[in-house]
Amino acid sequence: MHHNSGEGLNHTHTTEFIMLGFLAYPQLQSTLFTLFLLLYLMALIGNLLIFTVIAADVRLHTPMYFFLANLAVLDICCTSSTIPKMLEIMLSETKSISFSGCITQLFLLSSILSIQLLILALMAFDRYVAICLPLRYTSIMSMHFCFTTAVTMWFCGFVNSTTQTSLFRRLTFYGRIALDQFFCEIPPVLKVSSSDTYINDIAILLADIFLGMFCFLLTFMSYMYILSSIVKSRSAANKSKAFHTCTSHLLVVALFYGGIIYTYGRPALNLEGDKDKVVSVIYGVVSPVLNPLIYSLRNKEVKGALAQILSRKIFSSRM
């Protein structure tokens, strides 16, 4: 325990976190700044584009695109909750973030990641119903079902995050604390607390088991059924199209899950790791950039809708 007696009793309010993630590579500061800025702009433009196209084109008002629009909003929120602050910290002399800023960031991030797990699971389930139960698709994936599940998922994500974040009130942090990370997340912040984090660790483990395992199993089972259905398919064209779609979706899911399990599962099981920063960047920054590319911009319907919107805009501006 490292008690700084000059802090007064209210330690938590006077604490700030020094982000060591940026201090480790002083010679790469400008390169990292440019890279993160570019990735942020790509994620922002790509996801805004998808959301706009889906909202504007009535033909895309289907369950699959409804969930894609949700994913696009989550990706915008995910990158916006971390990257602008990261860029600001890079430019600052102190490389620090306030205690309240840090807690806000980890609250937003854990909410978004929880909802994203649920959305990816539901998107996999949607593809399973479309490919394996095509005749029952409209009755199972009704818009009422989609709206209800979406609202439930957002609610569950915020409840999980509120529970995790509220448990930080019982912890003590003294003085200025170094955090070996690019942004605030629950596991690295717990690691630097002066209090016993046993209850917090249990809460994370429970969330991992209930939320993480449920989503993982639903996603995994859906893709297993889809792949077995593809293998049995007689049509070579259908086979190749479905297989192509599934492999790219599985890439996104694997990247995202790999990162989440590494960051949130490992500390709960008391396993040490030193690649946290890189892994966090993969699901916190790289995934939101890849999602629009993999899920939609390679998709004929989205491309067609986008071309139509653009041609309409160009045509109306010439009038």
Side-chain angles (χ1 to χ4, degrees), residues 17 67 70-71 73-75 77-79 81-82 99 102-125 148-173 179 181-193 195-222 252-273 275-277 279-285 287-288 291:
F17 295 99
F67 292 126
N70 272 270
L71 188 65
V73 171
L74 283 167
D75 283 337
C77 295
C78 182
T79 46
S81 68
T82 54
F99 181 81
C102 189
I103 295 296
T104 304
Q105 201 173 60
L106 63 81
F107 168 77
L108 289 171
L109 200 60
S110 60
S111 304
I112 293 159
L113 295 177
S114 306
I115 302 164
Q116 212 158 1
L117 283 173
L118 290 158
I119 291 269
L120 287 172
L122 218 76
M123 285 169 78
F125 177 72
T148 313
T149 44
V151 170
T152 310
M153 287 186 294
W154 283 78
F155 177 73
C156 289
F158 282 116
V159 166
N160 175 43
S161 188
T162 305
T163 310
Q164 304 289 349
T165 315
S166 60
L167 288 171
F168 272 78
R169 292 179 179 219
R170 43 178 297 282
L171 302 178
T172 319
F173 296 89
L179 206 60
Q181 191 39 293
F182 291 121
F183 47 81
C184 288
E185 271 193 293
I186 292 174
V189 175
L190 281 182
K191 216 155 115 186
V192 296
S193 167
S195 320
D196 177 21
T197 59
Y198 179 73
I199 292 172
N200 301 69
D201 293 337
I202 294 290
I204 292 178
L205 197 57
L206 288 174
D208 287 349
I209 292 165
F210 288 109
L211 196 68
M213 287 307 289
F214 166 74
C215 293
F216 180 76
L217 287 172
L218 181 59
T219 309
F220 182 75
M221 295 298 287
S222 298
V252 171
V253 170
L255 264 180
F256 187 73
Y257 270 100
I260 295 283
I261 291 165
Y262 184 91
T263 307
Y264 287 82
R266 202 176 30 76
L269 299 168
N270 283 324
L271 302 171
E272 283 302 314
K275 315 246 178 348
D276 302 33
K277 286 179 288 194
V279 173
S280 298
V281 167
I282 288 172
Y283 66 77
V285 180
S287 278
N291 283 347

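Worth knowing before you read on, the calculation uses all heavy atoms, side chains too, and leaves out hydrogens, waters and symmetry mates.
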Colleague: What verdict does the side-chain contact (heavy atoms from CB on, under 4.5 Å) test give for Phe182 and Ser280, after you've listed the backbone C-alpha separation in whole Å, the side-chain angles of each residue and the deciding distance to 0.1 Å?
Modeller: CA-CA 8 Å; Phe182 291 121; Ser280 298; over 6 Å; no

Colleague: Could you walk me through whether Leu108 and Cys77 satisfy the side-chain contact (heavy atoms from CB on, under 4.5 Å) test, starting with their C-alpha distance in whole Å, then the side-chain angles of each, then the deciding distance to 0.1 Å, before giving a yes or no?
Modeller: CA-CA 8 Å; Leu108 289 171; Cys77 295; over 6 Å; no

Colleague: If you look at every heavy atom in Leu167 and Ala203, which pair is closest and at what distance?
Modeller: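 In this case the closest contact between Leu167 and Ala203 is CD1-CB, 3.4 Å.
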
Colleague: Are any non-hydrogen side-chain atoms of Asp75 and Gln116 less than 4.5 angstrom apart?
Modeller: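 The answer is yes, as the side chains (C-beta and beyond) meet within the 4.5 Å cut-off.
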
Colleague: From Leu117 CG over to Met213 CE, what is the distance, rounded to the nearest 0.5 angstrom?
Modeller: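 Rounded to the nearest 0.5 Å, the CG-CE separation comes to 12.0 Å.
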
Colleague: Please tell me if the side chains of Ile115 and Phe158 come closer than 4.5 Å, counting only heavy atoms from C-beta onward.
Modeller: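 Of all side-chain heavy-atom pairs linking Phe158 with Ile115, at least one is under 4.5 Å.
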
Colleague: Please report the C-alpha distance between Val189 and Gln105 in whole Å, then the side-chain angles of each, then the deciding distance to 0.1 Å, and finally whether the side-chain contact (heavy atoms from CB on, under 4.5 Å) criterion is met.
Modeller: CA-CA 11 Å; Val189 175; Gln105 201 173 60; over 6 Å; no

Colleague: Provide the closest heavy-atom pair for Leu179 versus Cys184 in the form atom of the first, atom of the second, distance.
Modeller: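 That closest heavy-atom pairing would be CD2-SG, 4.0 Å.
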
Colleague: Assess whether atom CD1 of Ile199 is packed by more than 12 heavy atoms of other residues, nucleotides or ligands within 6.0 Å.
Modeller: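 No, CD1 of Ile199 has 12 or fewer neighbouring heavy atoms, counting only those of other groups under 6.0 Å.
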
Colleague: When rounded to the nearest 0.5 angstrom, what is the spacing between CD in Glu185 and CG in Leu109?
Modeller: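 Taking CD in Glu185 and CG in Leu109, the distance rounds to 5.0 Å.
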
Colleague: Any idea which heavy atoms bring Thr219 and Cys215 closest together, and the distance?
Modeller: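 Looking at all heavy atoms of both residues, the closest pair is OG1-O, 2.6 Å.
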
Colleague: For the atom pair CZ (Phe168) and CZ (Phe99), what is the distance rounded to the nearest 0.5 Å?
Modeller: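 Atom-to-atom, Phe168:CZ and Phe99:CZ are 8.0 Å apart.
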
Colleague: So, taking the atom named CG in Leu211 and the one named CG in Leu118, what distance separates them when rounded to the nearest 0.5 Å?
Modeller: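 Spacing of CG (Leu211) from CG (Leu118) equals 5.0 Å.
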
Colleague: Go through the steps for Trp154 and Val73 under the test side-chain contact (heavy atoms from CB on, under 4.5 Å), then give the verdict.
Modeller: CA-CA 12 Å; Trp154 283 78; Val73 171; 3.9 Å; yes

Colleague: Specify the closest pair of heavy atoms between Tyr257 and Gly212, including all atoms of both residues, with the distance to one decimal.
Modeller: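 That closest heavy-atom pairing would be CE2-O, 4.2 Å.
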
Colleague: Would you compute the distance between atom CG of Leu190 and atom CG of Asn200 and round it to the nearest 0.5 angstrom?
Modeller: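 Leu190 CG to Asn200 CG: 5.0 Å, rounded to 0.5 Å.
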
Colleague: Tell me whether Ser287 contacts the main-chain N or O of Gly284 through its side chain, where contact means a donor paired with an acceptor under 3.5 Å.
Modeller: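 Checking the backbone N and O of Gly284 against the side chain of Ser287, no donor-acceptor pair under 3.5 Å is found.
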
Colleague: Report yes if the side chains of Phe67 and Thr149 come closer than 4.5 Å at any heavy-atom pair, otherwise no.
Modeller: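 Answer yes - side chains close enough.
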
Colleague: Is any side-chain heavy atom of Phe107 less than 4.5 Å from a side-chain heavy atom of Thr162?
Modeller: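 Of all side-chain heavy-atom pairs linking Thr162 with Phe107, at least one is under 4.5 Å.
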
Colleague: Parallel, tilted or perpendicular, judged at 30° and 60°: which one describes the rings of Phe216 and Phe220?
Modeller: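 Phe216 and Phe220: parallel rings.
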
Colleague: Is the backbone N or O of Cys78 less than 3.5 Å from a side-chain atom of Ser81, with the two atoms forming a donor-acceptor pair by type?
Modeller: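 Checked: pair present.
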
Colleague: Under 3.5 Å, side chain of Ser161 to main-chain N/O of Gly157, donor-acceptor pair present?
Modeller: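 It does not hold such a pair.
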
Colleague: Show the nearest heavy-atom pair for residues Asp196 and Leu171, with the distance to one decimal.
Modeller: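 Reported closest heavy-atom pair: O-CD2, 3.8 Å.
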
Colleague: OG of Ser114 to CG of Leu74: how many Å apart, nearest 0.5 Å?
Modeller: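 Going from the OG atom of Ser114 to the CG atom of Leu74 covers 10.0 Å.
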
